[in-house]
Amino acid sequence: MRRRAALAGIPDFHAHRLRHSKAHEWLAKGRLEGDLMQIMGWQSRTMLTRYAASAASERANAAQLLRDPADQL
């Protein structure tokens, strides 16, 4: 995989990056953490935290930009 990634111009690739990306994309779409854990085969929230942490601030910033209907009251 690393050789193919290098040929594709993807630097510093490692297989765990795929797990980080999947976790981030799943949660960014507002899907349930428990469902992600089931799909990924994680029995512990520790794994969820580990793989989702890499882009947690990005998701938090995106969530902050969403307008809450209560803000318009």
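Computed over heavy atoms, backbone and side chain alike; hydrogens, waters and symmetry mates excluded.
Put simply, the side chain of F13 reaches to within 4.5 Å of the side chain of L18, judged on heavy atoms. Between R19 and W42, some side-chain heavy-atom pair lies under the 4.5 Å cut-off. Between M1 and R4, every side-chain heavy-atom pair lies at or beyond the 4.5 Å cut-off. Two residues are said to be in side-chain contact when any heavy atoms from C-beta on lie closer than 4.5 Å; W26 and I39 meet this criterion. For the pair E33 and R45, the minimum side-chain heavy-atom distance is below 4.5 Å.
Other residues, nucleotides and ligands contribute over 12 non-hydrogen atoms within 6.0 Å of the NE2 atom of H14. Counting heavy-atom neighbours within 6.0 Å of D12 CG, excluding the residue itself, gives a total of 12 or less. No more than 12 heavy atoms of other residues, nucleotides or ligands sit less than 6.0 Å from atom CZ of R2.
Interatomic distance, L27 CG to K29 NZ, rounded to the nearest 0.5 Å: 11.5 Å. Annotation: the span from L36 atom CG to M47 atom CE amounts to 11.0 Å, rounded to 0.5 Å. In this structure, Q43 CD and L48 CG are separated by 13.5 Å, a value rounded to the nearest 0.5 Å.
Not a single donor-acceptor pair under 3.5 Å links the side chain of H24 to the backbone N or O of A52.
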